[in-house]
Amino acid sequence: MRAADEVGLAATWTPNPDHPATWSGFFLVLLGVAGCLIVMAGVAVTIALWRVQGARKWGNHVIGPVIVTVGLVAAGFGFRLF
């Protein structure tokens, strides 16, 4: 019966004492995940605007990479400080 207790103990979650689970850490990870989603949206916008037929304006070439850059900054800031 002792083996069952050891398995139960091994399955419990123990936080890393050098990396405590706090609200600030949670929001930084959330910022990092949101940044990744913004990067994916920026890539989709960039591809969609490159495929637009007709008059190409300078905004079609700028808006997608700007969204990607904002997403990369947010993801880097969130995950770096976490």
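Residue numbers run from 1 in the order of the sequence given. Values in this document were obtained by computation on a predicted structure and should not be read as measured data.
Judged as a side chain to side chain contact (heavy atoms under 4.5 Å, CB included), and not counting sequence neighbours, the contacts of W23 are F26, F27. Checked against side chain to side chain contact (heavy atoms under 4.5 Å, CB included), I38 has the following partners two or more places apart in sequence or in another chain: I67.
Here the closest non-hydrogen pair linking G32 and A75 is O-CB, 3.7 Å. Closest of all the heavy-atom pairs between F77 and L31 is CD2-CD2, 3.4 Å.
With rounding to the nearest 0.5 angstrom, the NE2 atom of H61 is 11.0 Å from the OG1 atom of T46.
Think of V39 as one node in a network of Ile, Leu, Val, Met, Phe, Trp and Tyr side chains linked at under 4.5 Å; its network also takes in V43, I47, V68, L72.
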